[in-house]
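It should be emphasised that the depicted structure is a prediction, and the values quoted were computed from it without experimental measurement.
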Amino acid sequence: MSLVNFEPAARRASNICDTDSHVSSSTSVRFYPHDVLSLPQIRLNRLLTIDTDLLEQQDIDLSPDLAATYGPTEDAAQKVKHYYRFWILPQLWIGINFDRLTLLSLFDRNREILENVLAVILAILVAFLGSILLIQGFFRDIWVFQFCLVIASCQYSLLKSVQPDSSSPRHGHNRIIAYSRPVYFCLCCGLIWLLDYGSRNLTTTKFKLYGITFTNPLVLLSARDLVIVFTLCFPIVFFVGLLPQVNTFVMYLCEQLDIHIFGGNATTSLLAALYSFICSIVAVALLYGLCYGALKDSWDGQHIPVLFSVFCGLLVAVSYHLSRQSSDPSVLFSLMQSKIFPKTEEKNPEDPLSEVKDPLPEKLRNSISERLQSDLVVCIVIGVLYFAIHVSTVFTVLQPALKYVLYALVGFVGFVTHYVLPQVRKQLPWHCFSHPLLKTVEYNQYEVQNAATVMWFEKLHVWLLFMEKNIIYPLIVLNELSSSAETIASPKKLDTELGALMITIAGLKLLRSSFSSPTYQYVTVVFTVLFFKIDYEAFSETMLLDLFFMSILFNKLWELLYKLQFVYTYIAPWQITWGSAFHAFAQPFAVPHSAMLFVQAAVSAFFSTPLNPFLGSAIFITSYVRPVKFWERDYNTKRVDHSNTRLASQLDRNPGSDDNNLNSIFYEHLTRSLQHSLCGDLLLGRWGNYSTGDCFILASDYLNALVHLIEIGNGLVTFQLRGLEFRGTYCQQREVEAITEGVEEDEGFCCCEPGHVPHVLSFNAAFSQRWLAWEVIVTKYILEGYSITDNSAASMLQVFDLRKVLTTYYVKGIIYYVTTSSKLEEWLANETMQEGLRLYADRNYVDVDPTFNPNIDEDYDHRLAGISRESFCVIYLNWIEYCSSRRAKPLDVDKDSSLVTLCYGLCVLGRRALGTASHHMSSNLESFLYGLHALFKGDFRISSIRDEWIFADMELLRKVVVPGIRMSIKLHQDHFTSSDEYDDPTVLYEAIVSHEKNLVIAHEGDPAWRSAVLANSPSLLALRHVMDDGTNEYKVIMLNRRYLSFRVIKVNKECVRGLWAGQQQELVFLRNRNPERGSIQNAKQALRNMINSSCDQPIGYPIFVSPLTTSYSDSHEQLKEILGGPISLGNIRNFIVSTWHRLRKGCGAGCNSGGNIEDSDPGGGTSCISNNATIANDPHSTVSQGSIGNTGRGSGAGLHPPGTAYPPTLGTSHSAHSVQSGLVRQSPARASVASQSSCCHSSRHSSLRMSTTGFVPCRRSSTSQISLRNLPSSIQSRLSMVNQMEPSGQSGMACVHHGLPSSSSSSQSIPACKHHTLVGFLGTDGGQSSAADAPPGNTLSPANNAHAKKGEVIYRVQIVDPSQILDGINLSKRKELQWPDEGIRLKAGRNSWKDWTPQEGMEGHVIHRWVPCSRDPGTRSHIDKTVLLVQIDDKYVTVVETGVLELGAEV
């Protein structure tokens, strides 16, 4: 009987639903017999009555209608029976003479009608199948009783299940575990019946592999008897916990079949397992038809049917596509939903969480979309390519030499890629050397400043891996398909129908596994070839089937090897750590059972089950089967912040203030960083070899996280991160020391210390490293994260002077935010607010609130014992005036102005709120810090009637006062570095503006804090109140984003699974709640404490457990630079367009004699001339050197005769003289100078739009921008001021812009139409004059910069290689160079220098450049390098560009 529909009578009217499956808030109810008079004949209470003394209680509150029927009131008051209502139908129920707790002790309570229906069906099936086996005589004598006992236990588990069960993954009541026994019983009974039926009704067809006839009746009967024995052992099996709950078993079964039969990946959930398994079956079904049709065609030695070639091409393409898809379909479904049914989310501006959006889901959808678009193209190309290769008969003509070449190639490439390279890159190669043989750039750096540099061996690893899995393995599989298909499908083997199925499955499995995880495939291939081609060739069942079955066998052998390594390492007598007395007792008793231990290891490897140490001792037992994911619950850390806690708890108890909850955000950010780069780093070989289920530990100064790799696909990795405590237990610290300490200095050899060979480990160190369940892979793994700096707020505010500084910055912050607010005019015009501020407007007003303190408030008036308006103006009026002057429309700021009144009222209110939060005890440090933290998190309590005017607009609190208190903490921190710097209003104002832009200041419980961290904000600041373990302290937390260095430690995955399984059994089933239990004591050889601490709560105690997160290789920029980005239709279109532009560029340069490719404009320019005559004749128009007209030539006027005009051309370069104009030229350290200029009418300025990086043109070519990042900071600041002040356009004016190719490393650029702004700042400020007035030969002289135009830049260089100086080029008779001036030519050589010689380190100005292949003969270099003309004092030096160091432009 199940208690579905059972409800106490008292709850029928209220309709309160019980939300828990085993604990109900209802109590036993009084039952009045007249309530069931409508059913007078139904009396089940007598049938179900137990001891009435346990069920009856004294109660005198009876229905008055029962007094006459049931005798005197006194008798009824003595005995009142308690009943429980059992609802048969919505309006039909009967009473049962049980109270709720008694019923729960006898039966499980079902929450849904479906559970009850399922229980009834399973009970019927158990009885039916059991009766069939009994009738057919499978059991005799005592085994009949045993089988009936098994049936009874299965049926009773549906009424009352074992809680907790030995295989239950969770504490408390588990609803699913109740169905385990009947489901397994039905499966076993059905299997017994099928095996018996098959043994008695075998067909004549025999299925034989490797000498074993699987259709032999003896084999089937033996399997049937084995299942019968297993069924009879159900009580022991379920007591020990060898079978999981049903959903876990289904997920495990689908995952194992998908991995070993279809070559799939591990799965992340039950839905994902079913989805992946179904996709594999569909793929096999689609390919089976082609294979079957091809096998029906005629085959001969030199001819393979074309249909089979089509099958092979599709097989490779389908395998490639399946290997690149994640098993979790949720992101794919989300992408389809967003494309088919797009949602328009309406944001509520009043909702503080409306701006908080997690960018990860959208990023994952974009990654899936890119991969699908790429697969659409690549799969077609792969299918056609391999079809063409297969149909070319290369696999028949070149035999048998081809297969041996492929075998040798895969052995060599695999050995180098997966053994040699990972070993020489390890921290301790082969556990012999003391440092890596191939080191990265960051290996010897103390603090890493940039992202990891891609090394040559990383590129080699990527290309070898790419060639191995995309070329070599597909060719091997196609070769075996071609040579084995006819034999497999022959009647002697498997016949056509079964042969086609095996060929399809084997090919799909081998290809998918090779695409997804080729790490150990070369071992399988080489061993299979040696075993079946040399040793036991007679046993071979064709190489295709041999590879298929050996891949499954090797997977199990690797697992067995890991289990044995774990066992031997864990129980080694010289390093055993006894955590309790039981461990010491169990150690000697485990020695005689070593043979049984080996059998258990083999069985557990066959079924992929963990082998866990019992209670952490040396006794090992096999656990139940689990998927690779291991944990059956989807436990994820839920960070406690203001978005998921009640407001009352936020104000009173400050939930989530413990260090663990606050620090969990760093692990969440680490998860996001790994999501972005993990897959690419794995493919680059930075984590060594990896496979499905591997576990790694990332360790840094304070972060210690376990990373569990679950799904390994082709270009994707699904992982889960488990972050441990920052300040862990003593045992955790000992193990952290073990993984971070170096062993290079160990000089021991047995009992003495003779030392060791240089760069080689000592004997003791090498021996100890071989007896560990972990190894250090990398010591400098670079990952983007946050460095944490915490300062004690108590020490920063200990003295009154420091508190006064904070209060002063608090007031100035309020003034800044109110004057910069866009709603200031609205506030000043608000009548309600002005009415409330009328009291403050009085010049003689003084606020004498006792919360003000002369030790803290700088504007405290000692005469009036308060803060007067006059004293406030004396201190802060200058700051108000400055802030108002920085507004676009400055306001009146005299002493009696409304703005000063508003600032005065707000500052008084803010300080009064601080005093109120501090309980009016600001002189007490603890109270002051408490109030400061309350205001920092936004807890403002308006307690004075004089401050109620603030309620006219609460934005004043949210956008003015709260930012003011937060900014004051940062300014107070800056005060320690330079105490007098912020006395200058300009410096203080710019500092606040800078902090607003680059720094996020928020409370750690604010959702905006988490959003800022996940958005990779450069810096964050918070005031933390820590209440943990009796501590009560305040800290100022500062986060700075930078590159962190981690140690990567690879842990034996079977060690992790075994310890996890042992902890689950010990805490859930055995209920050992001892916090100092022996199984969590430190064991350095296995990292027992760290691994057990990472279990799901409440089994372990990690501070963060991430959801299952998938990382894609497409998001790794360094990998994309090596292999290229995804091949999609859009990318192909962009490639064709860019190639066409490059062709046009090259052709345009080639059509001109001596043309320079770099001088042409790809993709067309943006120049346009609306009125050429006006531009040419307007003396006021700003024209760059070398452009239209002859009025006002610049310093390069001597290059061409007067009157030379260059007509404008559309989309092409018409001048190379921008090179002479002296702009900063292209180099790795600076922005580049384009070798062209073009004209643009001022009306084009209207097409510019503002952005955070400056002006952005509507049309911009790749060379029409100049990098800002690498310019001097002074020039950048001046540029930003011009961008703010310059009007968008001026009618009648023409601008000439220079096309400037941007540096590849820059992200900010100036559009072409604004280059005159940059040139104006880089050029000299001297007046302009005609070049005709300048004396000959001095036009280029820096001394005559007054003749230069605004668009000119003079930059300095330093000679670093005197051998590059061309000291005789000026006297060459060949006249290789055309000089800008004859007088300069005569002075630019040793003939003019006399005794002077240019030396290394000398500096000078570049006044002319000769560029290779320039169109203009006056600027064309005679060699393939740029030549510079440098003036050093009054001397001229000609030097090759590679011999100088640029020092930057002169401003």
Please give me the minimum heavy-atom distance between [X] and [Y], naming the atom from each residue.
X: Gln600; Y: Ile621; result: OE1-CA, 3.3 Å
X: Ile503; Y: Cys291; result: CG2-SG, 3.9 Å
X: Thr248; Y: Pro627; result: CG2-CD, 3.9 Å
X: Val126; Y: Pro182; result: CG2-CB, 3.7 Å
X: Gln565; Y: Asn1052; result: CB-ND2, 3.8 Å
X: Cys154; Y: Phe185; result: SG-CB, 3.7 Å

Phe630: partners by ring-ring contact (aromatic ring centres under 6.0 Å, His included), with sequence neighbours left out: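 If we apply the ring-ring contact (aromatic ring centres under 6.0 Å, His included) test to Phe630, skipping adjacent residues, the hits are Trp1060.
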For Phe249, what residues pass the ring-ring contact (aromatic ring centres under 6.0 Å, His included) criterion, not counting sequence neighbours?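 Phe249 satisfies ring-ring contact (aromatic ring centres under 6.0 Å, His included) with Tyr184 only.
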Does the side chain of [Y] come within less than 4.5 Å of [X]'s, by heavy atoms?
X: Pro305; Y: Lys296; value: no
X: Ser167; Y: Ile177; value: yes
X: Phe107; Y: Leu159; value: yes
X: Arg181; Y: Val162; value: yes

Can you give each donor-acceptor pair under 3.5 Å made by side-chain atoms of residues 274-284, sequence neighbours left out, with the distance rounded to 0.1 Å?
| from | atom 1 | to | atom 2 | distance (Å) |
| --- | --- | --- | --- | --- |
| Ser276 | OG | Asp258 | OD2 | 2.6 |
| Ser280 | OG | Asp258 | OD1 | 2.6 |
| Ser280 | OG | Ser276 | O | 3.1 |
| Ser280 | OG | Arg512 | NH1 | 2.9 |

At what distance, to the nearest 0.5 angstrom, does [atom1] of [X] lie from [atom2] of [Y]?
X: Leu307; Y: Tyr292; atom1: CG; atom2: OH; answer: 12.5 Å
X: Leu270; Y: Cys254; atom1: CG; atom2: SG; answer: 7.0 Å
X: Ile228; Y: Ile192; atom1: CD1; atom2: CD1; answer: 4.5 Å
X: Met502; Y: Leu545; atom1: CE; atom2: CG; answer: 5.0 Å
X: Leu118; Y: Ile113; atom1: CG; atom2: CD1; answer: 11.5 Å
X: Ser551; Y: Asp546; atom1: OG; atom2: CG; answer: 10.5 Å

Backbone N/O of [Y] and side chain of [X]: donor-acceptor pair under 3.5 Å:
X: Lys1053; Y: Thr692; answer: yes
X: Ser161; Y: Ala178; answer: no
X: Ser623; Y: Thr609; answer: no
X: Ser516; Y: Ser513; answer: no
X: Gln720; Y: Ile710; answer: no
X: Gln155; Y: Ala123; answer: yes
X: Glu711; Y: Ser327; answer: yes
X: Arg1057; Y: Ser608; answer: yes
X: Ser131; Y: Phe128; answer: yes

Would you please test Trp631 and Gln1064 for side chain to side chain contact (heavy atoms under 4.5 Å, CB included) and show each step? CA-CA 10 Å; Trp631 297 104; Gln1064 178 179 314; 3.6 Å; yes
Passes ring-ring contact (aromatic ring centres under 6.0 Å, His included), Tyr520 versus Phe554? Steps please. CA-CA 9 Å; Tyr520 300 112; Phe554 262 80; 9.8 Å; no
Near-ring test Tyr320/Phe515, centroid separation under 6.0 angstrom: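 Between Phe515 and Tyr320, the centre distance is under 6.0 Å.
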Using the ring centroid of each side chain, check whether Tyr536 and Phe531 are separated by less than 6.0 Å.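 Close enough - the centres of the two rings lie under 6.0 Å apart.
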Can you list everything that forms a side-chain contact (heavy atoms from CB on, under 4.5 Å) with Ser514? Sequence neighbours excluded, please.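 Testing Ser514 for side-chain contact (heavy atoms from CB on, under 4.5 Å), a comparison that skips the adjacent residues, returns Tyr473, Gln521.
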Taking side-chain contact (heavy atoms from CB on, under 4.5 Å) as the definition, give me every residue that meets it alongside Lys563, ordered by chain and number, with sequence neighbours left out.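 For Lys563, the residues satisfying side-chain contact (heavy atoms from CB on, under 4.5 Å) (neighbours in sequence not counted) are Glu559, Ser604, Ala605, Glu1054.
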By the salt bridge (Lys or Arg N to Asp or Glu O under 4.0 Å) test, which pairs, at least two apart or in different chains, include something from [range]?
range: residues 215-233; answer: Asp196-Arg224
range: residues 151-165; answer: Asp108-Lys160
range: residues 498-509; answer: none

Using distance only, find each side-chain donor-acceptor pair of residues 142-149 under 3.5 Å and give its atom names and separation, not counting sequence neighbours.
| from | atom 1 | to | atom 2 | distance (Å) |
| --- | --- | --- | --- | --- |
| Gln146 | NE2 | Leu232 | O | 2.8 |

Do other residues, nucleotides or ligands put more than 12 heavy atoms under 6.0 Å from [X] [atom1]?
X: Arg200; atom1: CZ; value: yes
X: Asp535; atom1: CG; value: yes
X: Tyr197; atom1: OH; value: no

Is the Phe1069 ring parallel, tilted or perpendicular to the Phe239 ring (thresholds 30°, 60°)?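 Perpendicular: the ring planes of Phe1069 and Phe239 meet at over 60°.
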Would you check, one step at a time, whether the test ring-ring contact (aromatic ring centres under 6.0 Å, His included) holds for Phe566 with Phe620? CA-CA 11 Å; Phe566 165 51; Phe620 285 82; 5.6 Å; yes
Check the pair Thr528 / Phe549 against side chain to side chain contact (heavy atoms under 4.5 Å, CB included), numbers first and verdict last. CA-CA 10 Å; Thr528 304; Phe549 289 109; over 6 Å; no
Do Asn247 and Tyr179 have side-chain N/O donor and acceptor atoms under 3.5 Å apart?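 The answer is no; no qualifying pair exists.
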Output all residues satisfying salt bridge (Lys or Arg N to Asp or Glu O under 4.0 Å) with Glu541, sequence neighbours left out; order by chain, then residue number.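 Salt bridge (Lys or Arg N to Asp or Glu O under 4.0 Å) list for Glu541, sorted by chain: Lys493.
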Contacts of type salt bridge (Lys or Arg N to Asp or Glu O under 4.0 Å), residue Asp634, not counting sequence neighbours: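 Partners of Asp634 by the salt bridge (Lys or Arg N to Asp or Glu O under 4.0 Å) criterion, ordered by chain and then number, come out as Lys629.
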Restricting to side-chain hydrogen bond (donor to acceptor under 3.5 Å, both in side chains), what partner residues turn up for Ser330, sequence neighbours left out?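 By the side-chain hydrogen bond (donor to acceptor under 3.5 Å, both in side chains) rule, Ser330 matches Asp328.
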Stepwise side chain to side chain contact (heavy atoms under 4.5 Å, CB included) check, Thr519 with Ile712: CA-CA 11 Å; Thr519 304; Ile712 306 293; over 6 Å; no
Would you sort out whether Phe230 and Leu242 count as a side chain to side chain contact (heavy atoms under 4.5 Å, CB included), showing the intermediate values? CA-CA 11 Å; Phe230 182 75; Leu242 296 180; 5.7 Å; no
